[in-house]
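A quick note: this is a predicted structure, and the numbers were derived from the prediction, not measured. Heavy-atom basis, side chains included; hydrogens, waters and symmetry copies ignored.
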Number of protein chains: 2
Amino acid sequence: MRIGELSERTNTPRRLLRYYEEQGLIAADRSPNGYREYDERFVDRVMQIRGLLDAGLPTRIIKQILPCLDKPRVIHFPDATPEMLATLRHERDRMNARIECLIRNRDAMEEYLDAVSGTLRRHSV
Amino acid sequence: MRIGELSERTNTPRRLLRYYEEQGLIAADRSPNGYREYDERFVDRVMQIRGLLDAGLPTRIIKQILPCLDKPRVIHFPDATPEMLATLRHERDRMNARIECLIRNRDAMEEYLDAVSGTLRRHSV
DNA sequence: TCGAACCCTCACATCGATGTGAGGGTCAAC
DNA sequence: GTTGACCCTCACATCGATGTGAGGGTTCGA
């Protein structure tokens with residue numbers, strides 16, 4: 001598929017798809033005429049990237065961890081340098097901190113929503 | 001305490017503490033001489049703000065949800081308008097999406113780290 | 001063959017979160 | 001009463017993610 005379709009299917013402006021490519025997050029083939037050519041796998045890939053960006057990770061980090069998240073990842077074992085593993089562990093820890101923070105605050109919001117709806121019910125009955 | 005101490009204890013540049021105040025996330029008292037004056041509760045508050053910012057929430061949203069997260073929150077019931085509750089639910093959903101995305105990717109990283117360390121062990125034995 | 005709907009590459013603009021520093025007050029200790 | 005370590009308020013700079021559009025090629029159907 002070309003960039004327009006990928007853009008629609010991932011709900012992502014073309015501008016950003018080109019930007020992600022420029023940042024090295026995705027690598028599209030080119031048709032003879034120069035158009036970018038994508039296959040199905042890019043749909044998930046782009047959504048994953050967007051999710052991570054939305055969760056606060058910068059493209060620089062996403063670029064580093066993306067290769068480890070591919071499904072048949074056995075192929076990538078050899079290129080695991082010690083520094084890279086350290087980075088990976090460090091980012092995992094940061095993600096855990098983020099997750100904990102989000103869960104704590106989500107639970108507090110939930111609690112608040114529950115309390116308010118309880119109050120409303122009590123008031124309206 | 002004054003801004004310098006809060007800055008050290010939260011590991012946050014003074015500049016940002018002033019910025020958070022400007023954005024309406026915290027409201028410091030002022031000493032007669034104009035210095036900002038903080039009490040203990042600001043330490044947690046600032047760390048919570050930083051966590052949420054790091055997790056990808058903009059100050060505008062943080063400002064909206066912070067009041068609901070205070071501990072003796074009973075006081076805040078009356079100001080819960082329907083639009084505000086809708087916003088809150090919407091943000092909770094977004095946070096859930098973020099959490100799921102982070103957990104998925106963290107698990108994949110963990111899996112990769114496990115696999116690599118397993119390989120190394122196998123290779124080194 | 002013309003126009004619509006794609007695509008391309010720049011390049012400049014915006015926006016939010018930060019960095020940095022100038023210019024200037026407060027206050028305690030020496 | 002001067003010095004050093006605080007604090008203040010601007011205000012401009014930077015950085016990453018994104019918006020927008022100019023200028024121009026490709027493809028395809030009317």
So if I take every side-chain heavy atom of [X] and compare against [options], which nucleotide ends up nearest?
X	options	answer
A:Tyr19	D:dT18, D:dC7, D:dC12	D:dT18
B:Ile3	D:dC8, C:dC7, D:dG19	D:dC8
B:Asn33	C:dG19, C:dT26, C:dC7	C:dT26

Note: B:Glu22-B:Arg15 ion pair, threshold 4.0 Å (strictly below):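 Between B:Arg15 and B:Glu22 there is no salt bridge, as every charged N stays at least 4.0 Å from the carboxylate O atoms.
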
Could you state the atom-to-atom distance from [atom1] of [X] to [atom2] of [N] in whole Å?
X	N	atom1	atom2	result
B:Met1	D:dA5	CE	C1'	19 Å
B:Glu37	D:dC7	CD	P	10 Å
B:Leu52	C:dG16	CG	P	18 Å

Sugar-phosphate, base or nothing in reach of A:Thr59, heavy atoms under 4.0 Å: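 Sugar-phosphate contact only - A:Thr59 comes under 4.0 Å of backbone atoms but never of a base.
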
Touch class at under 4.0 angstrom, heavy-atom based, for B:Arg18 against every strand present: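 Base contact - B:Arg18 has a heavy atom under 4.0 Å of at least one base atom.
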
Would one find a side-chain N or O of [X] under 4.0 angstrom from OP1 or OP2 of [N]?
X	N	answer
B:Arg36	D:dC7	no
A:Arg30	C:dT9	yes
A:Arg14	C:dC7	yes
A:Tyr20	D:dA17	no

Criterion salt bridge (charged side-chain N to carboxylate O under 4.0 Å, His left out) against B:Glu21, the qualifying member of B:Arg45, B:Lys63, B:Arg30, B:Arg14: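 It is B:Arg30, the one option of B:Arg45, B:Lys63, B:Arg30, B:Arg14 that forms the salt bridge (charged side-chain N to carboxylate O under 4.0 Å, His left out) with B:Glu21.
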
Side-chain-base donor-acceptor pair under 3.5 Å for B:Tyr35 and C:dG25: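 Result: at least one qualifying N/O pair found.
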
Option among B:Leu6, B:Val46, B:Asp29, B:Thr10 that satisfies the side-chain contact (heavy atoms from CB on, under 4.5 Å) test with B:Tyr38: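 In the set B:Leu6, B:Val46, B:Asp29, B:Thr10, the residue that makes a side-chain contact (heavy atoms from CB on, under 4.5 Å) with B:Tyr38 is B:Leu6.
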
Atom of B:Arg106, atom of A:Met95 and distance for their closest heavy-atom approach: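 Nearest heavy atoms, B:Arg106 then A:Met95: N-CE, 3.6 Å.
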
